[in-house]
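Please read all numbers here as calculations on a predicted model, not as lab measurements. Numbers here are sequence positions counted from 1.
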Amino acid sequence: MKTDTKLQIKGSWNEIKGKLKQKYAGLTDDDLLFEEGKEDELLGKLQRKLGKSIDEVKEELNRL
């Protein structure tokens with residue numbers, strides 16, 4: 001079974017940022033800067049800060 005690891009941001013990014021900052025106090029606004037077309041850059045930053053794999057980061061974002 002293949003897992004869909006595409007990043008699907010649902011709702012407002014500001015709302016998702018708030019949830020991430022509550023859960024992971026070490027994240028800054030710079031870490032969560034989202035620009036259209038630069039999803040990979042965002043995922044890389046979050047992967048380094050959270051110590052998770054890219055797939056784990058995508059799954060977490062998709063759950064929010």
Side-chain angles (χ1 to χ4, degrees):
M1 183 170 129
K2 186 177 180 220
T3 307
D4 182 15
T5 55
K6 185 177 180 191
L7 180 61
Q8 298 172 1
I9 296 176
K10 298 173 185 160
S12 167
W13 177 242
N14 287 332
E15 193 176 312
I16 293 171
K17 277 188 347 185
K19 290 178 181 179
L20 285 170
K21 286 171 82 174
Q22 284 178 353
K23 188 170 183 178
Y24 302 105
L27 291 177
T28 66
D29 285 332
D30 285 342
D31 295 329
L32 297 169
L33 182 61
F34 178 75
E35 293 180 47
E36 194 69 36
K38 294 194 175 185
E39 292 89 355
D40 290 340
E41 189 176 310
L42 170 68
L43 291 171
K45 284 182 193 177
L46 291 175
Q47 177 190 22
R48 285 188 298 280
K49 288 288 263 197
L50 303 179
K52 297 182 178 214
S53 73
I54 290 285
D55 288 342
E56 289 172 324
V57 171
K58 286 180 183 178
E59 286 174 20
E60 175 118 19
L61 289 175
N62 288 337
R63 281 194 300 267
L64 298 176

The side-chain contact (heavy atoms from CB on, under 4.5 Å) partners of Q22 (sequence neighbours excluded) come to none
Heavy-atom donor-acceptor pair, E56 side chain to S53 backbone, under 3.5 Å: yes
With sequence neighbours excluded, tell me which residues meet side chain to side chain donor-acceptor pair (under 3.5 Å) with K52. Y24, E60
Contacts of K49 meeting side chain to side chain donor-acceptor pair (under 3.5 Å) (sequence neighbours excluded), chain-then-number -> D31
Ion pair K21/D29, N-O distance below 4.0 Å: yes
Is it the case that one hydrophobic cluster holds both V57 and L33, taking links as side-chain heavy atoms less than 4.5 Å apart, direct or via other members? no
Would you compute the distance between atom CG of L42 and atom CD of Q47 and round it to the nearest 0.5 angstrom? 11.5 Å
Working to the nearest 0.5 Å, report the span between NZ of K19 and CZ of R63. 12.0 Å
What's the shortest heavy-atom distance between L32 and W13, and which atoms? O-NE1, 3.0 Å
Derivation of the side chain to side chain contact (heavy atoms under 4.5 Å, CB included) call for L27 and L50: CA-CA 9 Å; L27 291 177; L50 303 179; 4.2 Å; yes
With a 4.5 Å cut-off on side-chain heavy atoms, are L61 and L46 touching? yes
Could you check if a side-chain atom of E39 sits within less than 4.5 angstrom of a side-chain atom of F34, using non-hydrogen atoms only? yes
